[in-house]
Asker: 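Take a look at this one; I'll ask things after.
We count ligands from 1, going down the list as the structure has it; atoms in each ligand are counted the same way. The structure displayed is predicted, hence computed values, not measured ones.
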Amino acid sequence: MQTFVNLSCAALIFLFQVILLLLLLLPNLGFVNYTRVRRMVQQLGIIVVLTCLFSVLNYGVESSGGLSYNFYEKTCPQVENIIRDGLKPVFSSDITSPAALLRLMFHDCQVQGCDASILVDQDSEKNGSSEMTSTKNFAIRQRETISLLKSMVEVACPNQVSCADILIMAAREAVATSGGPRIEVPLGRRDSSSTPSYELANALLPPSTIGVEELLQIFVNKGMSVEESVAIMGSHTLGVTHCLNIKNRLYEGEEGPITGMEHGFEAFLRLSCPKNEESIMSKSRFVLNDPTALGFDNLYYINAMSGHGLLRIDAEMVMDSRTTNFVRRFGSDQEAFFQAFSSAFVKLSSYGVLVGKNGVIRKRCDVVD
Ligand code: HEM
Ligand SMILES: [Ca+2]
Ligand SMILES: [Ca+2]
């Protein structure tokens, strides 16, 4: 879009220059008042230049909530390469790390915006226990990878790049490396200087039981369309869900078949997640989010349509009249999913961020001074 604005402006300005040149060069035809026409064209030209300047500047700021696509151009031009190279050994030593990094990003952004608050390990005197102690953050992993990347970035460009931006860039790499789209993300986030309480995290992170209504409330409030809200749930094309997050759907108060779940799959889940298991194994049992849990593809939608979705939201999105067409389209057109996912990712990662003089650039991601 920004390129489009720039190109249109350049084209308009060029057109006015050509008209002015023609007016200067063409022989005076007598029946046209050239001085008046030239003055009019000049005035119009000035208006076009000013409007263009305004919209180009304005677009850069407004489109991404104060973030920009070339934020570290002068202060740390190599930052994206450092992140990409730094992640290679992480991705190859732990094939499940891309899923963890993508979820980490959502859980940071959902509580007080994408400000790296989730990385802080200190309890705050004012707020009590840190956000990570919330049960909703169960099985959140890979926080230490962001600290590792931060230490690499600090060597090259000290005190310039926020942990919040590093987290977004890492999540973007996670999607791309798993076969998903390569998303251009605007940068310039700053880190929170305090850690929110675990109560805030508890209140803001969605429970595993939400339906379409709550889903739309969460994401439409962040400026997403219904299509983008359905697309961001496609994140569940990666990773796993632990049994404790689906037990309520499988067992609680359910005698008959589970709404929207195929019988064979229901039987499989009951076997994979036994009801009254007391052993230490029970907490670590999990099932795949979709059959290609390491690949970022559109199988999540195809899977949900065949009644193999794990969470209530997976089944409801297929049945609800507001979302069903998008689920179908993403299931049959991966490119459409990738496009909507990319714009949803940018919106999620730009919502309510700290920019400019707000927030800080932390020295260490796990500590606020
Ligand atoms: C708003 C509705 C959402 C709900 C109710 C939800 C719920 C869940 C649950 C229950 C799990 C399983 C956690 C576990 O048991 O280990 C999970 C995993 C995951 N979620 Fe979500 N989620 C939502 C949105 C998102 C969004 C917006 C993203 C990314 C932008 C995301 C990315 C992931 C990923 C990648 C995993 C797999 C993590 C792993 O394997 O380590 N989720 N989600
Ligand atoms: Ca946060
Ligand atoms: Ca997949």
Side-chain angles (χ1 to χ4, degrees), residues 94-120 130-132 135-142 163-164 167-168 171-172 174-175 178-180 183 189 191-192 194-196 200-201 204-212 214-219 222 224 228-249 273 283-303 310-314 316-317 334 337 341 344-349 351-354 359:
D94 175 1
I95 52 172
T96 68
S97 56
L101 285 168
L102 181 56
R103 182 170 181 236
L104 182 63
M105 168 215 153
F106 172 51
H107 281 224
D108 180 30
C109 297
Q110 185 59 22
V111 182
Q112 207 177 266
C114 318
D115 58 356
S117 58
I118 196 165
L119 303 179
V120 178
S130 74
E131 131 182 34
M132 262 310 284
T135 50
K136 302 265 187 58
N137 279 325
F138 170 74
I140 281 284
R141 299 173 293 131
Q142 291 295 328
C163 300
L167 178 41
I168 300 302
R172 179 272 294 278
V175 170
S178 312
I183 307 166
R189 290 163 199 77
D191 302 324
S192 68
S194 66
T195 167
L200 192 70
L204 293 174
L205 291 167
S208 58
T209 50
I210 66 162
V212 168
E214 298 98 311
L215 173 86
L216 294 183
Q217 258 171 35
I218 294 175
F219 293 121
K222 293 185 169 54
M224 288 190 205
E228 288 166 330
S229 307
V230 174
I232 201 72
M233 286 313 291
S235 300
H236 288 175
T237 182
L238 292 182
V240 300
T241 293
H242 285 79
C243 287
L244 62 94
N245 276 315
I246 46 172
K247 275 196 172 162
N248 65 316
R249 191 159 181 242
C273 301
K283 257 202 145 183
S284 55
R285 279 192 199 278
F286 61 82
V287 280
L288 301 184
N289 283 345
D290 84 1
T292 53
L294 299 176
F296 196 100
D297 49 24
N298 64 345
L299 227 66
Y300 164 77
Y301 299 101
I302 299 172
N303 206 42
L310 294 175
L311 304 179
R312 175 179 154 211
I313 187 67
D314 305 335
E316 262 198 27
M317 282 203 307
Q334 181 162 277
F337 163 48
F341 180 83
F345 186 101
V346 171
K347 284 188 183 167
L348 174 63
S349 63
Y351 178 77
V353 291
L354 297 165

Asker: With respect to atom 43 (N) of ligand 1, which of His236, Arg312, Arg103 exhibits the smallest heavy-atom separation?
Answerer: His236
Asker: Output yes if Asn298 passes the N/O/S-under-3.0 Å test against the Ca ion (ligand 3); output no otherwise.
Answerer: no
Asker: What's the shortest distance from atom 29 (C) of ligand 1 to any protein heavy atom, and which residue and atom give it?
Answerer: Ser235 OG, 3.0 Å
Asker: Under 3.5 Å, N or O to N or O, is Asn245 touching ligand 1 that way?
Answerer: yes
Asker: With a 4.5 Å cut-off on side-chain heavy atoms, are Arg249 and Arg312 touching?
Answerer: yes
Asker: Quick one: are Val111 and Ile118 in side-chain contact, heavy atoms under 4.5 Å?
Answerer: no
Asker: Looking at His242, which atoms of ligand 1 are within less than 4.0 Å of one of its heavy atoms?
Answerer: 14 (C), 15 (O), 16 (O)
Asker: Measuring from the heavy atoms of Ile232, does anything fall under 4.0 Å of ligand 1?
Answerer: yes
Asker: Would you mind running through ligand 1 and noting each atom that sits below 4.0 Å from a heavy atom of Ala139?
Answerer: 16 (O)
Asker: Give the atom numbers and elements of ligand 1 that come within less than 4.0 Å of a heavy atom of Phe219.
Answerer: 1 (C), 27 (C)
Asker: Return yes when at least one N/O/S atom of Asp108 is nearer than 3.0 Å to the Ca ion (ligand 2), and no when none is.
Answerer: yes
Asker: Once rounded to 10 degrees, what value does the angle at the Ca ion (ligand 3) take between O (Gly295) and OG1 (Thr237)?
Answerer: 80°
Asker: Could you check whether any side-chain N or O of Tyr301 sits under 3.5 Å from a backbone N or O of Thr237, counting only pairs where one atom can act as donor and the other as acceptor?
Answerer: no
Asker: Is a side-chain N or O of Gln110 found less than 3.5 angstrom from the main chain of Leu204, in a donor-acceptor match?
Answerer: yes
Asker: Answer yes or no: is there a donor N or O on one side and an acceptor on the other, between the side chain of Arg189 and the main chain of Ser349, under 3.5 Å?
Answerer: yes
Asker: For Ser97, is there any backbone N or O sitting under 3.5 Å from a side-chain donor or acceptor partner on Arg141?
Answerer: no
Asker: Can you tell me the N, O or S atom of Asp115 that's nearest the Ca ion (ligand 2)?
Answerer: OD1
Asker: Side chain to side chain contact (heavy atoms under 4.5 Å, CB included), that's the test. Do Gln334 and Asp297 meet it? Break it down for me.
Answerer: CA-CA 7 Å; Gln334 181 162 277; Asp297 49 24; 3.3 Å; yes
Asker: Can you sort out which atoms of ligand 1 are near Leu238, meaning under 4.0 Å from one of its heavy atoms?
Answerer: 37 (C)
Asker: Decide, counting backbone as well as side-chain atoms, whether Gly113 has an N, O or S atom less than 3.0 Å from the Ca ion (ligand 2).
Answerer: yes
Asker: Counting non-hydrogen protein atoms only, what is the nearest one to atom 25 (C) of ligand 1? Give residue, atom name and distance.
Answerer: Phe106 CD2, 3.4 Å
Asker: Between ligand 1 and Pro207, can you find any atom pair, the residue atom being a heavy atom, that is separated by under 4.0 Å?
Answerer: yes
Asker: So, taking the atom named OG in Ser192 and the one named CG in Leu354, what distance separates them when rounded to the nearest 0.5 Å?
Answerer: 7.0 Å
Asker: Do Phe296 and Phe337 have ring centroids that are under 6.0 Å from one another?
Answerer: yes
Asker: What protein heavy atom sits nearest atom 41 (O) of ligand 1, and how far away is it?
Answerer: Arg141 NH2, 3.1 Å
Asker: Using a strict cut-off of 4.0 Å, indicate which atoms of ligand 1 neighbour a heavy atom of Gly239.
Answerer: 37 (C), 40 (O)
Asker: Any donor-acceptor pair under 3.5 Å linking the side chain of Asp108 with the backbone of Asp115?
Answerer: yes
Asker: Report yes or no: does Glu214 have a heavy atom closer than 4.0 Å to ligand 1?
Answerer: no
Asker: Any sub-3.5 Å donor-acceptor pair from Asp191's side-chain atoms to Ala116's backbone N or O?
Answerer: no
Asker: Checking Asn289 side chain against Leu238 main chain: does a donor-acceptor pair fall under 3.5 Å?
Answerer: yes
Asker: Looking at ligand 1, would Met233 count as a contact under a 4.0 Å heavy-atom criterion?
Answerer: yes
Asker: Would you call Thr96 a ligand 1 contact, heavy-atom distance under 4.0 Å?
Answerer: no
Asker: Test your reading of the structure: does Asn289 have an N or O sitting under 3.5 Å from an N or O of ligand 1?
Answerer: no
Asker: Starting from atom 12 (C) of ligand 1, what is the nearest protein heavy atom, named by residue and atom, and what distance separates them?
Answerer: Thr241 OG1, 3.4 Å
Asker: Please state which protein non-hydrogen atom is closest to atom 9 (C) of ligand 1 and give its distance, to 0.1 Å?
Answerer: Leu311 CD1, 4.2 Å
Asker: Of all the N, O or S atoms in Asp297, which one sits nearest to the Ca ion (ligand 3)?
Answerer: OD1
Asker: Using a strict 4.0 Å cut-off to heavy atoms of Ser208, name the atoms of ligand 1 that fall inside it.
Answerer: 10 (C)
Asker: State the CD1-CZ distance between Ile246 and Arg285, to the nearest 0.5 angstrom.
Answerer: 11.5 Å
Asker: For the OG atom of Ser208 and the CG atom of Leu310, what is their distance to the nearest 0.5 Å?
Answerer: 10.5 Å
Asker: Kindly indicate, with the supporting measurements, whether the criterion side chain to side chain contact (heavy atoms under 4.5 Å, CB included) is fulfilled by Leu348 and Glu228.
Answerer: CA-CA 10 Å; Leu348 174 63; Glu228 288 166 330; over 6 Å; no
Asker: Between Glu131 and Ser117, is a side-chain hydrogen bond (donor to acceptor under 3.5 Å, both in side chains) present by the stated rule, with each step listed?
Answerer: CA-CA 8 Å; Glu131 131 182 34; Ser117 58; 2.8 Å; yes
Asker: Can you tell me if Ser117 has an N, O or S atom under 3.0 Å away from the Ca ion (ligand 2)?
Answerer: yes
Asker: Just wondering, is there an N, O or S atom on Ile118 that's nearer than 3.0 Å to the Ca ion (ligand 2)?
Answerer: no
Asker: Distance to 0.1 Å, residue and atom name: give those for the protein heavy atom nearest to atom 35 (C) of ligand 1.
Answerer: Ala99 O, 3.2 Å
Asker: Only one of Asp314, Asp290, Thr292 clears side chain to side chain donor-acceptor pair (under 3.5 Å) with Tyr300; which?
Answerer: Asp314
Asker: May I ask you to check if ligand 1 and Val240 share an N or O to N or O distance below 3.5 Å?
Answerer: yes
